[in-house]
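Reading through the structure tokens given below for one structure.
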Amino acid sequence: MAMAMAGCSLVSTFPLKLKPPKTKTSSSNLFHPELAFVTSHLSGIKISYHPSPTPLLAPSPKFLPLQPLARRVCPFTGKKANKANKVSFSNHKTKKLQFVNLQYKRIWWEAGKRYVKLRLSTKALKTIEKNGLDAVAKKAGIDLRKK
């Protein structure tokens, strides 16, 4: 019994039932009001514990603070991931994504007289070298002053 209890934990993903112990006598002095019992659905072992005001369960993922994620889309050209098939030697097809070749690049902005750090695709980089940063940003509707 001690070996089975050693691996038990109250932090679990399985549902647990809280219920008072069953007693044959009606005297209330056998049940301590500060103790509770947990019965596992899997093993049926009863564990007595002192319930604390703070829950012992781990927080659910929906309450964790959200972190900003960089999208895999080029802001200048609008290129995004392409859905494709990965074909094996036996001609078995599985879905895969072909992502855009996005790079972080510091580019000199002549009108602002400073460097601007951008995350753009290599196709957009070639277009900027050909037409200039101001023209490409204006066509894409990007304001470089706030970056």
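In what follows, every heavy atom counts, from backbone to side chain, and hydrogens, waters and symmetry copies are set aside. Here the structure is a predicted model, which means the values were calculated and not measured.
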What residues, two or more places apart in sequence or in another chain, satisfy side-chain hydrogen bond (donor to acceptor under 3.5 Å, both in side chains) together with Lys93? Asn91

Not counting sequence neighbours, which residues clear side-chain hydrogen bond (donor to acceptor under 3.5 Å, both in side chains) with Lys95? List them please. none

Please round to the nearest 0.5 Å and tell me the distance separating atom [atom1] of [X] and atom [atom2] of [Y].
X	Y	atom1	atom2	value
Leu97	Lys83	CG	NZ	7.0 Å
Asn82	Lys96	CG	NZ	9.5 Å
Leu133	Glu110	CG	CD	10.5 Å
Trp108	Lys113	CH2	NZ	7.0 Å
Gln98	Asn85	CD	CG	9.5 Å
Phe76	Ile128	CZ	CD1	4.5 Å

Nearest heavy-atom pair of Thr77 and Ala124: which atoms, and what distance? CG2-CB, 3.8 Å

Restricting to non-hydrogen atoms, name the atom on Arg71 and the atom on Arg119 that form the minimum distance, rounded to 0.1 Å.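 So the minimum-distance heavy-atom pair works out to O-NH1, 3.0 Å.
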
Quick check: do [X] and [Y] have side-chain heavy atoms less than 4.5 Å from each other?
X	Y	answer
Lys105	Leu125	yes
Leu118	Ile142	no
Ser121	Asn101	no
Arg106	Val116	no
Asp134	Leu144	yes

Under 3.5 Å donor-acceptor, Arg72 side chain and Leu102 backbone: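 No: the side chain of Arg72 does not pair with the backbone of Leu102.
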
